[in-house]
Amino acid sequence: MLDYQRLAELLFPQITTTTADMEARFPQRVLPEGAKVTRFAPSPTGFVHFGGLFPTTVAERLAHQSGGVLYLRIEDTDAKREVPGAAEGLIKTLATYGIEFDEGAIIGEDGKICDKGIYGPYKQSMRAEIYQTYAKQLVLEGKAYPCFTSEEELEELHAIDKKAEIKNTDWQAEAEARQAEKLARRAITMEEIEENIAKGNPFVLRILADGDPEKKIKFTDLVKGNMEIPENDEDFVLLKSDGIPTYHFAHAVDDHLRGTTHVIRGEEWLPSLAKHLQLFRYLGFKTPKYMHIAQIMRLDENGNKKKLSKRDMGANMDDYTRLGYCPEAVCEYVMTLLNSNYEEWRMQNADKSYKDFPFNIKKMSCSGCLFDFNKLGDVSKNVISKMSAEEVTAKVTAWALQFDAEFGKLLESDAEFAKAIFAIGRGGKKPRKDLTTWADAKAYMGFFYDELFALEDSYDEKYDRADIKATLEKFIECFDMADDSNVWFEKIKAIGAELGYTADMKAYKADPAAFKGSVADISMFIRVAVTGKLNSPDMYSVMQILGRDKVVARIENMINSL
RNA sequence: GGCCCGUUGGUCAAGCGGCUAAGACACCGCCCUUUCACGGCGGUAACGGGAGUUCGAUUCUCCCACGGGUCACCA
C-alpha cells in the first residue's frame with residue numbers, strides 16, 4: 001500500500017492549489033431554468049468539416065434556443081498535431097455558418113485568439129495547473145498512480161497494436177498482455193517511484209480503474225436512448241508525460257468547471273463513455289447529459305458506407321465556399337438532416353430563419369446518414385430563389401471576385417445591369433430556380449456580356465436556312481424596345497405566320513406534319529442569335545435588358561454568318 | 001477478435017400492435033409553356049433473414065446476417 005500523501009507531494013510538488021480553490025475560481029453559473037450550456041471543443045489540427053458542423057449546430061441551437069450558453073474551448077493537448085492558424089480558421093468558418101460563441105476562445109481585434117468569459121483560459125494547454133490540481137487530488141485518494149514506462153517502450157511492447165496493423169492483431173494474446181502489464185504497473189513500489197523521480201524520469205499518471213467489464217452500466221443517451229456499457233477496467237492515461245491531460249481527463253475537469261449541461265459529440269466517443277463516467281464519479285462531479293450524434297457517411301468505392309473523413313469531397317467546409325454554395329443553404333440542409341420534421345416546418349414557414357425552428361432532440365435520427373449532394377442542391381435552389389435580386393447580385397459578385405476574377409469584374413462593373421438580369425423571374429409565388437450555386441451564374445447569364453457571349457448551340461440541320469434568315473431580318477425590322485411583351489410576341493407570331501410557322505400550338509401539337517413549324521421554332525431562331533443558346537430566361541426580358549443595339553448587332557452577326 | 005451502435009424505396013425519412021406503409025430529393029411520364037427554369041398531376045421503388053409473443057407484427061423479445069464505430073502519452 002502506497003503512502004498517498006507522500007506520493008502526491010512527490011509527483012506534484014509544484015501544485016499548491018486545492019480542488020476547493022478551483023471550485024471557487026470557477027463559480028457555478030446562474031442561468032434561467034432549463035438553460036443549456038453546450039460547447040464546441042475542436043482540436044486545432046485542421047479545418048472544420050461537415051461532420052463537425054453537424055454536432056456543433058445542435059450545440060448552438062440547444063444553447064441559444066434555451067437561453068443558455070455556447071462556448072468554444074480549444075483542445076490543444078497534443079502539441080505534436082497542432083497546426084498553426086487552425087484555431088483561427090475554425091472560428092471564422094463557424095461564424096460564416098451562423099455559429100457564434102457567447103464565450104470561450106474568440107478572435108480578438110488583433111486577429112489573434114483571446115479569451116472571452118470568466119471560465120478561461122479556454123485553451124487547454126494553458127490550464128496545466130488546474131488539471132494537475134485535480135490529478136493530485138486523485139493521487140491523494142489513491143485513485144491514480146504514476147507509470148514510468150516510456151512511450152517508446154510501450155510502442156515496442158505493443159508492436160502488433162500499431163494502427164495500421166490493428167486488423168491483424170492477435171486479440172487474445174493482446175488482451176492477456178495488457179492485463180499482465182496492468183498488474184505489473186500497479187505493483188510499482190514507493191521505492192521505485194522515488195528512484196525514478198530522483199532520476200528525473202518522466203511519468204504519465206494513470207487512473208486506477210475499479211471497473212469490472214463483466215458488469216454493465218445502465219446509461220441513457222439523449223439521442224441513442226437506453227444502453228448498457230461495460231464498466232471500464234483500463235488504467236487509461238490521465239496526464240501525459242508533459243503534464244498535459246488526455247482528452248478524457250480534460251473533458252471531465254473542463255466540462256465540470258464550466259458547468260456544461262449537455263455534451264454533444266460524434267458517436268465515435270461512445271466506446272470511451274465508460275471511462276468518462278468513471279472519471280466523473282472519481283472526481284465527485286455531476287455527470288452532464290450526453291448526446292452522441294450519428295456520423296455523416298459517404299460511399300466508398302465498394303459501395304459501403306464510411307464515416308465522412310477529412311479528405312472526402314464535401315468534408316471541408318471551404319469546399320462549399322469554393323463551389324459556390326451559400327452558407328444559408330448548407331445550414332438549411334444540415335437542419336433537414338438534424339430534425340426529421342424540419343422540412344415540414346419549412347413548408348409552413350417559408351420566410352422564417354432556421355433559428356426560429358423549434359429544434360427537438362426527439363426528432364433526431366440515431367443512425368448515420370449518407371451525404372447527398374442532390375438534396376443539398378435542391379435545398380440550395382430554394383434558398384437562393386427566395387433571395388432578392390440585390391442579394392443575389394451581391395453574393396454572386398463577391399463569390400466571383402474570389403474564384404472567377406474575370407467574371408467578377410464584369411459583374412462589378414455594372415451592378416445595376418447584373419441586378420436587372422438576376423431580377424428576371426424573381427419574386428412572386430413561382431420564382432425561377434436556376435441557381436444552385438453561385439458558380440452556376442456564369443452559365444446562366446454570361447451571354448449578357450459580350451465578353452462571354454458565344455454561340456454555344458446551333459440550328460438543327462432540319463431547319464431551312466432561308467427561313468432562319470428571313471425570321472431574323474424581319475424581326476430586326478419590326479423590333480421596337482417600346483413594345484410591351486404582348487405586342488412584341490404578336491410581331492413574332494406574325495413573322496412565323498408569314499413563313500408558314502403556326503402560332504397555334506394546340507393545332508401544331510395535334511398534327512405537326514400539317515405545318516412547316518411553329519412559333520416555338522421562330523422564337524428559337526431568334527433566341528439562338530441573341531443568347532447563343534437554345535435555352536434562356538424569358539426572351540422579352542432578356543432583350544429589354546440587353547438593349548436594342550446589342551440585340552440588333554447579335555442578330556445581324558448571325559444573319560451574316562448564315 | 002472483444003465491446004458498443006445501427007438496419008423502412010437509390011438517398012433523407014414518417015411510423016411507435018391492425019394503415020392501400022406518409023412526405024422530401026433523385027428518376028420516369030403527362031399537363032402548363034415561345035425555350036429553359038418554375039409550377040401542377042401521376043408513376044416506378046422499401047420494412048435484411050429466422051424463430052417466438054399475439055387473434056394480428058414494420059412496430060415487442062431472442063438469435064443470425066450485414067453495415068458502422070472503437071480498442072493510443074489522438075482527439
Side-chain angles (χ1 to χ4, degrees), chain A residues 41-43 45 75-78 80-81 147 149-151 154-155 158 161-163 166-167 169-172 174-175 178 202-206 213 221 224-225 227-230 234 236-242 244-248 250-251 265-274 292 294-295 297 299 304-307 333 336-337 340-341 343-344 346-347 363 365-379 381 385 424-425 428-435 444 457 489 492-493 496 503 505 518-524 526-528 531 533-540:
Chain A
S43 58
T45 53
E75 307 213 326
D76 57 344
T77 52
D78 187 5
K80 293 188 287 283
R81 295 201 312 151
C147 169
T149 313
S150 75
E151 208 172 344
L154 218 54
E155 270 179 30
H158 297 273
D161 197 10
K162 285 294 194 193
K163 237 357 185 181
I166 201 158
K167 283 187 186 129
T169 303
D170 177 345
W171 293 100
Q172 181 71 26
E174 178 68 7
R178 277 165 192 274
F203 66 90
V204 300
L205 191 74
R206 288 179 182 273
D221 181 277
K224 297 263 179 196
M227 59 181 81
E228 290 192 351
I229 51 177
E234 185 192 332
F236 61 94
V237 173
L238 261 20
L239 287 180
K240 298 186 261 188
S241 54
D242 59 3
I244 299 297
T246 55
Y247 169 84
H248 311 299
H251 155 49
R265 45 155 57 159
E267 68 180 343
E268 72 270 22
W269 286 108
L270 229 28
S272 39
L273 184 61
H292 289 92
Q295 299 280 347
M297 314 296 268
L299 246 30
N304 287 327
K305 283 185 179 183
K306 281 279 175 300
K307 168 173 148 183
Y333 177 53
T336 67
L337 293 181
S340 57
N341 58 331
E343 286 187 271
E344 190 187 342
R346 172 53 80 203
M347 281 189 255
K363 293 291 182 181
S365 170
C366 56
S367 55
C369 64
L370 229 38
F371 187 91
D372 186 357
F373 263 104
N374 251 328
K375 184 73 181 180
L376 202 216
D378 179 68
V379 167
K381 267 206 296 201
S385 75
I424 299 174
K429 278 206 200 78
K430 297 191 287 184
R432 292 189 68 87
K433 294 181 180 174
D434 296 281
L435 302 179
Y444 171 62
D457 296 320
F489 194 53
I492 290 175
K493 284 184 188 168
M505 290 306 289
S518 74
V519 68
D521 298 313
I522 297 296
S523 297
M524 185 268 288
I526 301 171
R527 172 174 284 110
V528 170
T531 68
K533 306 196 298 181
L534 253 12
N535 308 323
S536 77
D538 174 60
M539 218 179 10
Y540 176 76

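Residue numbering restarts at 1 for every chain, and letters A, B, ... go by the order of the sequence lines. In this text the structure is predicted, and so the values were computed from the model without any measurement.
- Protein atom NZ of Lys363(A) is 10 Å distant from nucleotide atom C1' of G15(B), rounded to whole Å.
- In this structure, Lys493(A) NZ and Ser518(A) OG are separated by 11.5 Å, a value rounded to the nearest 0.5 Å.
- At a threshold of 4.5 Å between non-hydrogen side-chain atoms, the residues Lys240(A) and Thr77(A) count as touching.
- In this model, the phosphate group of A75(B) is not approached by any side-chain N or O of Thr246(A) to a distance below 4.0 Å at OP1 or OP2.
- Here the C1' atom of nucleotide U70(B) and the CZ atom of Phe236(A) are 15 Å apart, to the nearest Å.
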Next item on the list: Dump the intermediate steps for side-chain contact (heavy atoms from CB on, under 4.5 Å) on Val528(A) and Leu534(A), then the final yes or no.
Entry: CA-CA 6 Å; Val528(A) 170; Leu534(A) 253 12; 3.4 Å; yes
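- Atom-to-atom, OH of Tyr444(A) to C1' of C38(B) comes out at 11 Å; the value is rounded to the nearest Å.
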Could you pull out the protein-nucleic contacts involving nucleotides 24-28 of chain B (nitrogen or oxygen on both sides, under 3.5 Å)?
unit_1: A24(B); atom_1: O2'; unit_2: Glu343(A); atom_2: OE2; d: 3.0
unit_1: A24(B); atom_1: O2'; unit_2: Lys375(A); atom_2: NZ; d: 2.3
unit_1: C25(B); atom_1: O4'; unit_2: Lys375(A); atom_2: NZ; d: 3.4

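- Between Lys305(A) and Leu299(A), some side-chain heavy-atom pair lies under the 4.5 Å cut-off.
- Judged by centroid separation below 5.5 Å and plane tilt below 30°, Tyr247(A) does not stack onto the base of A75(B).
- Straight-line distance from the CG atom of Leu238(A) to the P atom of C74(B): 12 Å, rounded to whole Å.
- Distance check: Lys224(A) NZ to Leu270(A) CG gives 6.5 Å after rounding to the nearest 0.5 Å.
- Rounding to the nearest 0.5 Å gives a distance of 10.0 Å between OG1 of Thr246(A) and CZ of Arg206(A).
- If you take CG of Leu370(A) and C1' of G10(B), they are 10 Å apart, rounded to a whole angstrom.
- Rounded to whole Å, the P atom of A45(B) lies 25 Å from the corresponding atom of G39(B).
- Looking at heavy-atom distances under 4.0 Å, Glu151(A) makes contact with a base.
- The shortest side-chain heavy-atom distance between Arg265(A) and Leu273(A) falls under the 4.5 Å cut-off.
- Of the candidate nucleotides U34(B), A13(B), C4(B), A13(B) has the atom lying nearest to any side-chain atom of Cys369(A).
- Contacts of Val237(A) with the nucleic acid, taken as non-hydrogen atoms under 4.0 Å apart, involve only primed sugar atoms and P, OP1 or OP2.
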Next item on the list: Can you check each nucleotide of nucleotides 60-66 of chain B against protein heavy atoms at under 4.0 Å and return B for base, S for sugar-phosphate only, - for none, in 5' to 3' order?
Entry: -------
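- Base contact: Ser150(A) has a heavy atom under 4.0 Å from a base atom.
- To the nearest whole angstrom, the two C1' atoms, one in A24(B) and one in U33(B), are 26 Å apart.
- For Tyr247(A), the ring pair (Phe, Tyr, Trp, His ring centres under 6.0 Å) partners at least two apart in sequence or on another chain are His251(A), Trp269(A), His276(A).
- For Leu270(A), counting side-chain heavy atoms from C-beta on, the closest listed nucleotide (A75(B), C4(B), C73(B)) is C4(B).
- Taking side-chain N and O atoms only, Arg206(A) has a distance below 4.0 Å to OP1 or OP2 of C73(B).
- With sequence neighbours left out, Phe489(A) forms a ring pair (Phe, Tyr, Trp, His ring centres under 6.0 Å) with no residue at all.
- Between Phe371(A) and Tyr333(A), the ring centre distance stays below 6.0 Å.
- Computed from coordinates, the Arg432(A) CZ to C38(B) P distance equals 9 Å when rounded to whole Å.
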Next item on the list: Check the pair His248(A), Leu238(A) against side-chain contact (heavy atoms from CB on, under 4.5 Å), reporting the backbone distance first and the verdict last.
Entry: CA-CA 7 Å; His248(A) 311 299; Leu238(A) 261 20; 5.7 Å; no
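- The residue among Phe489(A) and Ser365(A) whose nearest nucleotide of RNA chain B lies closer to the 5′ end is Ser365(A).
- Between the P atoms of G67(B) and U59(B), the separation comes to 22 Å (whole Å).
- For Asp78(A), the salt bridge (Lys or Arg N to Asp or Glu O under 4.0 Å) partners at least two apart in sequence or on another chain are Lys80(A), Arg81(A).
- Helical stems in RNA chain B, defined as runs of 3 or more consecutive Watson-Crick or G-U wobble pairs with donor-acceptor distances under 3.5 Å: B:1-7 with B:65-71, B:10-12 with B:23-25, B:27-31 with B:39-43, B:48-52 with B:60-64.
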Below 3.5 Å is the cut-off: list the nitrogen or oxygen pairs between protein and nucleotides 67-69 of chain B, distance only.
unit_1: G68(B); atom_1: OP1; unit_2: Lys305(A); atom_2: O; d: 3.2
unit_1: G68(B); atom_1: OP1; unit_2: Lys306(A); atom_2: NZ; d: 2.6
unit_1: G69(B); atom_1: OP1; unit_2: Lys307(A); atom_2: N; d: 3.4

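- With U34(B), A75(B), U7(B) as the candidates, the nucleotide lying closest to the side chain of Ser367(A) is U7(B).
- Comparing Glu234(A) and Phe371(A) along RNA chain B, the residue whose closest nucleotide (by nearest heavy atom) sits nearer the 5' end is Phe371(A).
- A donor N or O paired with an acceptor N or O is not found under 3.5 Å between the base of C36(B) and the side-chain atoms of Arg527(A).
- Evaluation of the salt bridge (Lys or Arg N to Asp or Glu O under 4.0 Å) rule for Glu343(A) yields Lys375(A) as partners, not counting sequence neighbours.
- Contact of Ser241(A) with C73(B) (side chain to base): a donor-acceptor pair of N or O atoms is detected under 3.5 Å.
- Relative to the side chain of Arg178(A), the nucleotides G6(B), C71(B), C4(B) differ in distance, and C71(B) lies closest.
- The side-chain contact (heavy atoms from CB on, under 4.5 Å) test applied to Gln295(A) returns Glu267(A), Glu268(A), Met297(A), Lys307(A), not counting sequence neighbours.
- Considering only residues two or more places apart in sequence or on other chains, Lys306(A) meets the salt bridge (Lys or Arg N to Asp or Glu O under 4.0 Å) condition with Asp300(A).
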Short N/O separations, protein against nucleotides 39-49 of chain B, under 3.5 angstrom:
unit_1: G39(B); atom_1: OP1; unit_2: Lys433(A); atom_2: NZ; d: 2.9

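- Taking atom CE of residue Met539(A) and atom C1' of nucleotide U34(B), one finds them 7 Å apart after rounding to whole Å.
- Comparing A75(B), U34(B), C3(B) by their closest approach to the side chain of Asp538(A) singles out U34(B).
- Judged as a salt bridge (Lys or Arg N to Asp or Glu O under 4.0 Å), and not counting sequence neighbours, the contacts of Arg432(A) are Asp434(A).
- Glu228(A) CD: more than 12 foreign heavy atoms inside a 6.0 Å radius.
- One atom, CG of Asp457(A), and another, P of U35(B), lie 15 Å apart when rounded to the nearest Å.
- The distance from atom CZ of Arg527(A) to atom CE of Met539(A), rounded to the nearest 0.5 Å, is 4.5 Å.
- Listed pair Ser340(A) / A13(B) fails the phosphate criterion, with no side-chain N or O lying under 4.0 Å from OP1 or OP2.
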